[in-house]
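This is a predicted model, so every value here is computed, not measured.
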Amino acid sequence: MQTLKSNLLEDIMVIQAKICSAEAVKLYDIKMENAAIIRKSARNIMVSGNTLEMFDFGEAKYYKLIRNLIEEFRFYLEIG
């Protein structure tokens with residue numbers, strides 16, 4: 001569980017840093033590179049919910065909220 005926790009925190013920090021970086025640069029290539037890294041980290045977070053359920057983590061049911069927020073964020077990026 002500690003490894004899963006550290007992986008989740010790492011993915012969260014990567015997403016935050018890459019969003020800031022994508023907003024700060026003007027080059028399309030770098031924006032797309034950041035987008036790919038954000039997508040990978042978001043996918044890792046979504047998959048981690050399955051691991052929590054597999055280990056019978058008590059609060060895994062709240063993970064659906066995280067998944068919904070990631071989907072909402074993805075939809076916002078598509079229309080924005």
Under 3.5 Å, side-chain donor or acceptor atoms of residues 10-20 against the rest of the protein: list the pairs with distances, not counting sequence neighbours.
none

Under 3.5 Å donor-acceptor pairs involving side-chain atoms of residues 26-36, not counting sequence neighbours:
residue : atom : partner : partner atom : Å
K31     : NZ   : A22     : O            : 2.6
K31     : NZ   : V25     : O            : 3.0
N34     : ND2  : S21     : OG           : 3.1
N34     : ND2  : I30     : O            : 3.3

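No continuous path of hydrophobic side-chain contacts links F57 to Y62 [ILVMFWY only; heavy atoms under 4.5 Å]. F75 and L65 fall into different hydrophobic clusters, where Ile, Leu, Val, Met, Phe, Trp and Tyr residues are linked whenever their side-chain heavy atoms come under 4.5 Å apart, directly or through other members. Both I38 and I66 are assigned to one and the same hydrophobic cluster, defined by single-linkage of ILVMFWY side chains at heavy-atom distances under 4.5 Å. Residues V47 and I45 do not share a hydrophobic cluster, clusters being chains of Ile/Leu/Val/Met/Phe/Trp/Tyr side chains in contact below 4.5 Å.
S6 places a side-chain N or O within donor-acceptor distance of the main-chain N or O of T3, the cut-off being under 3.5 Å.
Heavy-atom minimum distance, Y63 versus M46: CE2-O, 4.1 Å.
For E71, the side-chain hydrogen bond (donor to acceptor under 3.5 Å, both in side chains) partners at least two apart in sequence or on another chain are R74.
Residues L4 and S48 are in side-chain contact: their nearest non-hydrogen atoms beyond the backbone lie under 4.5 Å apart. For the pair N7/N44, no side-chain contact is recorded, criterion being any heavy-atom separation below 4.5 Å from C-beta on.
The neighbour count for R67 CZ, taken as heavy atoms of other residues, nucleotides or ligands under 6.0 Å away, is above 12.
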